[in-house]
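Encoded as structure tokens, the structure appears first; notes follow it.
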Amino acid sequence: MNNIVIFIFLLSIGASFIQRTTGFGFGIFIMTMLPFLMPSYGEATTLSGLLALTTSATIVWRLRSYVTWQRLWPILLTFIVVSTIAIFALTRIEDHILRRILGVALILISIYFMLFSQRIKLPTTKNVQVGAGTLSGLMGGFFGMQGPPAVLYFIQSEPTKEHYMAMAQTYFLIGNVMMTGVRAYNGFFTTTVAVDYLYGLGGVIIGTMLGAYVFKHIPNRIFRYIVYAYICISGVIILMTN
């Protein structure tokens, strides 16, 4: 029991640091180990979502003035609908092949954006927002990793790293609150999850503070390349944990 508590605490530090620095990646990082520490995969995704929404809440509060709700609602509402359906289907689907496809796709997409990001500017049209929200909803509902599609949209459509961070974290906060409710309805919010959340909370605080310091000192011109690089790393992590 003590070893599990220590692992959850350390994982929470690492995941919160990555989330605060790059704007996403909490679930991708922590879910490489959390399913092995929790009684079930559903409880692991629930704990990950709770800790992630806590991280996002602290960021949103600090950067709330940068949020533009008009650009946020279409992608957010699409995500809520799709991820809800995915969570209800979670116990009925074999995800092994899907995770391999997901890992390869993230690597290829990140390389493409790193090479051609100067030529790419995703428009804030309804079709683009709905597409990003759908992909994010599927990844969030099935794997607790809703970040990459939304991140690619926000990093391309927002003018500064502060706007990007505020929009992305508001999106993740509301999305994780909703998914936590759906997971609780499906019986994944257990006493074990609640207790382990308290253990992870200290790690979230430490990781968020460290990440805020690093984020402040990253120049705007290289910030998006750091994000693309971590998306690529995320794809590798997903492939290695299959």
Side-chain angles (χ1 to χ4, degrees), residues 15-29 52-80 82-83 105-106 109-140 145-178 208 211-235:
S16 296
F17 174 80
I18 290 169
Q19 182 87 3
R20 184 63 182 92
T21 305
T22 67
F24 82 110
F26 191 103
I28 294 170
F29 180 87
L53 74 85
T54 304
T55 302
S56 294
T58 60
I59 302 170
V60 169
W61 177 252
R62 292 179 62 88
L63 300 176
R64 60 191 182 279
S65 62
Y66 292 96
V67 177
T68 305
W69 289 99
Q70 186 178 359
R71 294 201 298 271
L72 185 62
W73 281 121
I75 182 175
L76 179 60
L77 292 176
T78 303
F79 166 77
I80 289 173
V82 174
S83 61
L106 290 180
I109 290 171
S110 62
I111 292 173
Y112 178 81
F113 272 84
M114 277 190 277
L115 293 176
F116 301 106
S117 63
Q118 296 301 321
R119 306 179 191 175
I120 300 171
K121 187 68 176 179
L122 292 180
T124 55
T125 62
K126 294 294 189 296
N127 287 340
V128 173
Q129 291 170 325
V130 169
T134 298
L135 290 174
S136 182
L138 290 172
M139 288 178 60
M145 302 176 184
Q146 66 267 34
V151 162
L152 287 172
Y153 169 73
F154 288 127
I155 197 71
Q156 286 293 323
S157 62
E158 295 302 317
T160 68
K161 67 177 185 180
E162 288 79 15
H163 283 88
Y164 154 77
M165 185 66 72
M167 292 286 280
Q169 296 313 304
T170 304
Y171 173 84
F172 293 141
L173 172 60
I174 297 174
N176 274 317
V177 168
M178 179 282 305
T208 301
Y213 176 82
V214 173
F215 176 80
K216 182 179 179 181
H217 292 84
I218 300 175
N220 267 303
R221 65 182 181 276
I222 67 169
F223 178 73
R224 66 174 56 199
Y225 291 100
I226 294 174
V227 173
Y228 297 146
Y230 189 66
I231 292 176
C232 184
I233 293 170
S234 301

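We're numbering straight along the sequence, starting at 1. Computed from a prediction, not measured in an experiment: that's the story for all the values here.
- With sequence neighbours left out, the side chain to side chain contact (heavy atoms under 4.5 Å, CB included) criterion links S56 to Q19, Q169, F172, L173.
- At least one side-chain heavy atom of F223 sits less than 4.5 Å from a side-chain heavy atom of I155.
- Atom CZ of F215 has more than 12 heavy atoms from other residues, nucleotides or ligands within 6.0 Å.
- Contact detail for M165 and I59: the closest heavy-atom pair is CG-CG2, 3.8 Å.
- Shown here are the side chain to side chain donor-acceptor pair (under 3.5 Å) partners of T55, two or more places apart in sequence or in another chain: S16.
- Side-chain contact between T170 and L76: absent, with no pair of heavy atoms (C-beta onward) separated by less than 4.5 Å.
- Considering all non-hydrogen atoms of both residues, A168 and G23 come closest at CB-O, 4.2 Å.
- By the ring pair (Phe, Tyr, Trp, His ring centres under 6.0 Å) test, Y171 is found to be paired with F79, F154, residues two or more places apart in sequence or in another chain being considered.
- By the side chain to side chain donor-acceptor pair (under 3.5 Å) test, T22 pairs with no residue at all, sequence neighbours left out.
- Among residues two or more places apart in sequence or in another chain, the ring pair (Phe, Tyr, Trp, His ring centres under 6.0 Å) test is passed with F24 by Y230.
- Partners of W69 by ring pair (Phe, Tyr, Trp, His ring centres under 6.0 Å), not counting sequence neighbours, listed by chain and number: W73.
- The nearest pair of heavy atoms linking A132 to P149 is O-CB, 3.7 Å.
- Take T54 and apply the side chain to side chain donor-acceptor pair (under 3.5 Å) test, not counting sequence neighbours, and it matches Y197.
- The line from OG1 of T21 to CD1 of I226 is 8.5 Å long, rounded to the nearest 0.5 Å.
- Considering only residues two or more places apart in sequence or on other chains, T78 meets the side chain to side chain contact (heavy atoms under 4.5 Å, CB included) condition with V82, V130, T134.
- Across every non-hydrogen atom of S83 and M178, the tightest pair is OG-CE, 3.0 Å.
- Nearest heavy-atom pair, N176 versus A52, reported as atom, atom and distance to 0.1 Å: ND2-CB, 3.7 Å.
- Shown here are the side chain to side chain donor-acceptor pair (under 3.5 Å) partners of Y164, two or more places apart in sequence or in another chain: there are none.
- Counting only heavy atoms from C-beta outward, the side chains of R71 and S157 never approach each other to under 4.5 Å.
- Heavy atoms from other residues, nucleotides or ligands lying under 6.0 Å from CZ of R62 number 12 at most.
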Quick one: do Y228 and I111 satisfy side chain to side chain contact (heavy atoms under 4.5 Å, CB included)? Show the steps, please. CA-CA 7 Å; Y228 297 146; I111 292 173; over 6 Å; no
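- Taking both residues in full, the closest heavy atoms of L63 and E162 are given as CD1-O, 4.2 Å, listed atom of the first, atom of the second, then distance.
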